[in-house]
2 protein chains.
Amino acid sequence: MSEQRDALKETSSNRALSRDVALAAGVSQSTVSRALRDDPRISSTTRERVRQAAEQLGYVPNRVARNLRERRSRVVGVMVQDIDNAFYTQLLADMHQELLVAGYAFTLIVDPLHLRSDVTRLRNLLDASFDGLIITTATLDSDAPEALHRRGIPIVLSVRSIPGLEVDIVESDNVAAGQLAARHLVSLGHRDIAAIMGPEVTSTTQHRIVGANQVLGHSLPPERVFNGPYSHESGHSHCRRLLQGDRPPTAIMAANDVIAIGVIDAARQMGYSVPDDISVIGFDDIHMASWHSFRLTTVRQDTKAIAVQSARRLIERIEDPDGPVTHDKYPVSLTMRATTAAPK
Amino acid sequence: MSEQRDALKETSSNRALSRDVALAAGVSQSTVSRALRDDPRISSTTRERVRQAAEQLGYVPNRVARNLRERRSRVVGVMVQDIDNAFYTQLLADMHQELLVAGYAFTLIVDPLHLRSDVTRLRNLLDASFDGLIITTATLDSDAPEALHRRGIPIVLSVRSIPGLEVDIVESDNVAAGQLAARHLVSLGHRDIAAIMGPEVTSTTQHRIVGANQVLGHSLPPERVFNGPYSHESGHSHCRRLLQGDRPPTAIMAANDVIAIGVIDAARQMGYSVPDDISVIGFDDIHMASWHSFRLTTVRQDTKAIAVQSARRLIERIEDPDGPVTHDKYPVSLTMRATTAAPK
DNA sequence: ATATAATGTGCATTCGTTTGCTCACTGTAC
DNA sequence: GTACAGTGAGCAAACGAATGCACATTATAT
């Protein structure tokens, strides 16, 4: 048993190193490094010999050492508010894919606090040796993005933006999104519309409200606008309260599909029929929106394009820190399904 | 402009180093390191002076260098099949939390291929400098876990297991889960039950089928058992086909809630009522299962406990590679909601 | 045969920390 | 005044790979 212990101990520390390969192949350590990285200066015979030796010993280069030497980690951080949220989850899946093919790994940073100056947190971001950061949790009062930017850490603001910051931004045209939703509801004949939005300090929320107001010709009355997290629960409870009130609205605009589904659930639970008694429109068009139980009418944003482009922009920024700052704004479109209709 | 360029260039490379702090504080670089790590040998005056200098310069230790020296990265990999899946997403959220407080970051590894010997992939896992790996994608024919284990890389098998491998396992009692589901359906009077399961090579699928068969007193007929991915789509299409067949079953057991919801959607879409026309039971009890639109009866597994314990076991294993191998098996329970009833 | 270029390797340094060991200094006991 | 702890700090060697430069060796030109 103690023998096995020792064996194990040895095993865990006897990962073959480049110098072991060098010894086995009868060349120098630097030649091993070059051969394995396909340096043209190494003859093909030597290269082959080194390859074999490496294979034999199961040699895999130590990435930490390489990172130190190359002064980069090929790891990027992706900040999201909440992993357990279908929108972020779709976004992450596509970002992951894009980063992967570019040779980057990513580590998830969950940031429920919207990047408000939490010194410890900021320190962690700085010392975490990311090559860059995709931030999807920016709020208008986030201070971390600027601090990180000043430190020279490549960042891209994805999904949500902060005005006046000279960093790459990838987002949807949220003003147009607000317009689209409002125009759809108005054209169906709705006049009393409520909005269950995300946190007020969020660019998406503000832009969409602006867009909606433009179409309505007036500002949504404050008692018809609700702010809260992007959760099923938020949609559910706000809708419940609305329907219990004196004069419920005839339509509800939700900040995203997850909220919208919460709204639908609450309405149904209270015996209301969607869309006969009340119309509901969402944003995003996540997979779930098309499920038969919901068939949610929603303003589609090109989540995949945003995910992919965010990853690309970050990589570009990492590889060329001084390139021009970009701002991608993707068009949105209306996906009509079965949760909106003319009011009774 | 070109001035700013230069400034930027400098900025990105002039992160303060410990030697800069040393210079500023008038001490040696090693003293800086010790002072910042609260080494008792450093006097409090010196410590304070170093602290101030570090603060002043905005010094943050380079984690890559530290990792190289300490021979560890404080990063663990978590392998999941699919990010965009509510079950994994919940699991990840809790693992993340647990790892975070223990000082570990995690990087996500998406592994749709079930860890079948993909040499490139394995290489990537090996050289990625993870301190350990939580694997939720093991199948009975995965060979990577054994290879990784042999290499001395700490791993824990989470959710799914592989028999005969001397590694830590954290899972639910899936035989009991199968029994529970079958017993519930049988006690309601169901005799013709179909099962829409995950991939056949999965321990969870096999154990649950075993449990169900034990209760039924016979094996489910092959034409009533379907294997497929853990997706809404799989539940949807299999259910559709079942209901279009000659004699549809009176109840469907799904391998997880996501599939079950696909089943419900398909049934409703075809005009069947759940549970009046057909009963549906899921596994997991994800948040969504309780949404009013589904109210899914399901066998609950303690996802949170599994997530937390997997993280803990991995950390223990990292910190004590030679400790005894553990096998946690969590009990499951029946959550009765509104998708099961007696057959007509 | 000698100079010259082209080719392939190796030596030694570097990346930025942590840490074993040494050493200078102070204060106490003899 | 010498010896001896007990402090506090510095020197220098890791950690494991990448790479600039020097240096062999061979092929080519003269």
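Each chain gets a letter, A, B and so on, in the order its sequence line appears, and its residues count up from 1. This structure is a prediction, so every number in the text was calculated from the model and none was measured.
Rounded to the nearest 0.5 Å, atoms OG (A/S18) and CG (A/L57) are 11.5 Å apart. In this structure, CD on A/Q309 lies 11.5 Å from CG on A/L314, to the nearest 0.5 angstrom.
In this structure, the CG atom of B/L23 is 12 Å from the P atom of D/dG10, given to the nearest Å. For the pair B/R15 CZ and C/dT17 C1', the computed distance is 12 Å after rounding to whole Å. In this structure, CZ of A/R41 is placed 14 Å from C1' of D/dA24, rounded to the nearest angstrom. If you measure from atom CG of A/L17 to atom P of D/dA14, you get 14 Å, rounded to the nearest angstrom. In this structure, B/L36 atom CG and D/dA9 atom P are separated by 14 Å, rounded to whole Å. Here C/dT17 presents its P atom at 15 Å from CG of A/N67, a figure rounded to the nearest Å. In this structure, A/R66 atom CZ and C/dT14 atom C1' are separated by 16 Å, rounded to whole Å. Atoms CG (B/L68) and P (D/dA18) sit 12 Å apart, rounded to a whole Å.
Where A/I42 and B/A65 each meet DNA chain C at their nearest nucleotide, the meeting point lying more 5' is that of A/I42. In terms of position along DNA chain D, the nucleotide closest to B/Q29 lies nearer the 5' end than the nucleotide closest to the other residue of the pair B/Q29 and B/E70.
You won't find any donor-acceptor pair under 3.5 Å spanning the side chain of A/R47 and the base of C/dG8, going by distance alone. For A/R34 against C/dG10, a side-chain-to-base donor-acceptor contact under 3.5 Å is present. No N or O donor and acceptor, one from the side chain of B/S28 and one from the base of D/dC11, sit under 3.5 Å apart. Between the side chain of A/R69 and the base of D/dG20, no donor-acceptor pair of N or O atoms lies under 3.5 Å. Residue-to-nucleotide contacts include no donor-acceptor pair under 3.5 Å from the side chain of B/R19 to the base of D/dG10.
OP1 or OP2 of D/dG16 lies within a sub-4.0 Å distance of a side-chain N or O belonging to B/R71. Between A/Y59 and D/dA17 there is a side-chain polar atom (N or O) within less than 4.0 angstrom of OP1 or OP2. At D/dA18, none of the side-chain N or O atoms of A/S30 fall inside 4.0 Å of OP1 or OP2 (strictly under the cut-off). Phosphate proximity of C/dG16 to B/S18: absent, as no side-chain N or O sits under 4.0 Å from OP1 or OP2. The shortest distance between the side-chain N/O atoms of B/S43 and the OP1/OP2 oxygens of D/dG8 is not below 4.0 Å.
Using a 4.5 Å heavy-atom cutoff, the side chains of A/T107 and A/V78 are not in contact.
The listed nucleotides are D/dA17, D/dT19, C/dG8; the one nearest the side chain of A/N62 is D/dA17.
A/D20 contributes a side-chain N or O that, together with a main-chain N or O of A/L17, makes up a donor-acceptor pair within less than 3.5 Å. Using modelled atom types, no side-chain atom of A/R150 and backbone atom of A/P145 make a donor-acceptor pair closer than 3.5 Å.
Contact annotation for B/V27: backbone-only contact, meaning every heavy-atom pair under 4.0 Å involves sugar-phosphate atoms and none involves a base. At the heavy-atom level, A/V32 lies nowhere under 4.0 Å from the strands shown.
The neighbour count for A/Q56 CD, taken as heavy atoms of other residues, nucleotides or ligands under 6.0 Å away, does not exceed 12.
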